[in-house]
Amino acid sequence: MKILITNDDGIYSPGIRALANIALRFGTVRIVAPDVEQSSMGHAITHSRPLTYKKSPITFENIDAFRVNGTPADCVALGLHMYPDTEVVLSGINMGPNLGNSMWHSGTLAAAKQSVLLGIKGIALSTPVGKSEPDFEGLDPFVEQALSVLLENSNLGLYNVNFPRKPKGLQWTRQSVRLYDGDVVPGHDPMGRKHYWITVKPLELAEEGTDRWAVKNDLVSITPLRLDLTNESELKTHEPAVILLK
């Protein structure tokens, strides 16, 4: 299998190295990742300046790796141009979870979405991070198992995978859609200048069977997603669909 790997934490992230080493068990791996961190960049695409790529300053054994002066979605677009034989795009392993409503601004998931938009299966992978780096060695067998499940068929699909710190199994889940605080917290930098932090904390408990619930209960969450955002149930209430001007 021909695999393209990217992320939003940048080429220097230990998460991308961990994912690349596991992905080598499934086939040929190439890396095209941002040259600097692009966390929470969402699905931004660079259109006001040209993109360039350079050889990665980090050596990945048996892997061609490049860094791009662009967003995660840019890296996928450029990577698929460089490697048109790519069969799947993996994004991650992100240093921090991408659960529930955080999917909307996740650069990690955006890279996987960009892949699907271009007709290639996309899989985003993330794990929580605290004061120390995640235990990627401990996660290794669970990452391999999740990839085995998702790569066993060649059908086009978009998947968001989140690993708890110490998994005990895998579960298929749905997205947890809950209200978030969205608070703007003011503060001051060392020079006395005012600055702000935007917080994104869920205000409600996670429902059983959702991604947030699974990770909280030490299960790897695998959420199948789709690009069609249409609210089908509301659409059915607007009949007839055509409204004529009087």
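Counting heavy atoms from C-beta on, the side chains of Gln145 and Leu170 come closer than 4.5 Å. Counting heavy atoms from C-beta outward, Lys194 and Pro186 have side chains that approach closer than 4.5 Å. In this structure, the side chains of Val76 and Ile120 stay at 4.5 Å or more apart for every pair of heavy atoms. Side-chain contact between Trp213 and Leu219: present, with at least one pair of heavy atoms (C-beta onward) separated by less than 4.5 Å.
Counting heavy atoms of neighbouring residues, nucleotides and ligands inside a 6.0 Å radius, atom NE2 of His47 does not exceed 12 of them. Within a 6.0 Å sphere centred on NZ of Lys236, heavy atoms belonging to other residues, nucleotides or ligands number 12 at most. Remark: Glu232 CD is packed, more than 12 non-hydrogen atoms of other residues, nucleotides or ligands lying under 6.0 Å away. Within 6.0 Å of the CD atom in Glu61, the count of heavy atoms belonging to other residues, nucleotides or ligands does not exceed 12.
For Asp189, the salt bridge (Lys or Arg N to Asp or Glu O under 4.0 Å) partners at least two apart in sequence or on another chain are Arg193. Remark: Trp104 engages Asn101, Gln175, Leu229 in a side-chain contact (heavy atoms from CB on, under 4.5 Å) (not counting sequence neighbours). For Glu207, the side-chain contact (heavy atoms from CB on, under 4.5 Å) partners two or more places apart in sequence, or in a different chain, are Arg174, Ser176, Arg178, Thr210. Annotation: salt bridge (Lys or Arg N to Asp or Glu O under 4.0 Å) contacts of Arg25 (sequence neighbours excluded): Asp140, Glu144. Qualifying ring pair (Phe, Tyr, Trp, His ring centres under 6.0 Å) partners for Phe66, counting only residues two or more places apart in sequence or in other chains: Tyr53. Partners of Asn155 by side-chain contact (heavy atoms from CB on, under 4.5 Å), not counting sequence neighbours, listed by chain and number: Asn153. With sequence neighbours excluded, no residue satisfies side-chain contact (heavy atoms from CB on, under 4.5 Å) with Pro141. For Asp74, the side chain to side chain donor-acceptor pair (under 3.5 Å) partners are Thr46, Thr71, not counting sequence neighbours.
Taken to the nearest 0.5 Å, the CD atom of Gln171 stands 12.0 Å off from the CG atom of Asp218. Atom CD1 of residue Ile63 and atom CD1 of residue Ile31 lie 4.5 Å apart, to the nearest 0.5 angstrom. Rounding to the nearest 0.5 Å places CG of Leu19 at 9.0 Å from CG of Asn21. Atom CD of Gln38 sits about 7.5 Å away from atom SG of Cys75, to the nearest 0.5 Å. From Arg49, atom CZ reaches atom CG of Leu51 across 6.0 Å, with rounding to the nearest 0.5 Å. Rounded to the nearest 0.5 angstrom, Leu147 CG and Glu152 CD are separated by 11.5 Å.
Checked by atom type and distance alone, the side chain of Thr127 pairs as donor or acceptor with a backbone atom of Phe163 at under 3.5 Å. The backbone N or O of Pro97 lies less than 3.5 Å from no partner atom in the side chain of Asn162, so there is not a single donor-acceptor pair. Side chain of Asn94 to main chain of Gly96: a donor-acceptor pair is present (N/O by atom type, distance under 3.5 Å, no hydrogens or angles). In this structure, Ser115 contributes its side chain and Lys121 its backbone to a donor-acceptor pair below 3.5 Å.
Contacts classified as salt bridge (charged side-chain N to carboxylate O under 4.0 Å, His left out) and involving residues 85-97 (residues at least two apart or in different chains) are given here: Arg30-Asp85. Legend: ring pair (Phe, Tyr, Trp, His ring centres under 6.0 Å) pairs involving residues 132-160, not counting sequence neighbours: none detected.
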Using distance only, find each side-chain donor-acceptor pair of residues 7-17 under 3.5 Å and give its atom names and separation, not counting sequence neighbours.
unit_1, atom_1, unit_2, atom_2, d
Asn7, OD1, Gly10, N, 3.1
Asn7, ND2, Gly10, O, 2.8
Asp8, OD1, Thr108, OG1, 3.3
Asp8, OD2, Thr108, N, 3.2
Asp8, OD2, Thr108, OG1, 3.3
Asp9, OD1, Ser39, OG, 3.3
Asp9, OD2, Met95, N, 2.8
Ser13, OG, Gly15, N, 3.1
Arg17, NH1, Thr59, O, 3.3
Arg17, NH2, Thr59, O, 3.2

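Taking both residues in full, the closest heavy atoms of Gly42 and Ala110 are given as O-CB, 3.1 Å, listed atom of the first, atom of the second, then distance. Between Gly70 and Pro34, the shortest heavy-atom contact is O-CB, 3.7 Å. Residue Pro167 comes nearest to Val220 through the heavy atom pair CB-CG2, 3.7 Å, listed as atom of the first residue, atom of the second, then distance. Here the shortest heavy-atom pairing between Ala124 and Ala112 reads N-CB, 4.0 Å. Between Asp228 and Thr230 the shortest heavy-atom distance is OD1-OG1, 2.5 Å. Smallest separation of non-hydrogen atoms from Ala111 and Thr6: CB-CG2, 3.6 Å.
With 3.5 Å as the limit, one finds no donor-acceptor pair spanning the side chains of Asp211 and Ser221.
Linking Ile, Leu, Val, Met, Phe, Trp and Tyr residues whenever their side-chain heavy atoms come within less than 4.5 Å places Ile222 and Leu90 in a single cluster. Each of Leu118 and Val88 belongs to its own hydrophobic cluster when Ile, Leu, Val, Met, Phe, Trp and Tyr are linked at side-chain heavy-atom distances under 4.5 angstrom. Val32 and Ile3 are not part of a single hydrophobic cluster, where members link through side-chain heavy atoms under 4.5 Å apart. Put simply, Ile22 and Val161 are part of the same group of oily side chains (I, L, V, M, F, W, Y) that touch within less than 4.5 Å, one to the next. Both Leu24 and Met1 are members of a single hydrophobic cluster when ILVMFWY side chains are connected at heavy-atom separations under 4.5 Å.
Here Leu156 sits in one hydrophobic cluster together with Met103, Leu109, Val116, Leu117, Leu158, Leu225, Leu227; the rule is ILVMFWY side chains under 4.5 Å apart, joined directly or through other members.
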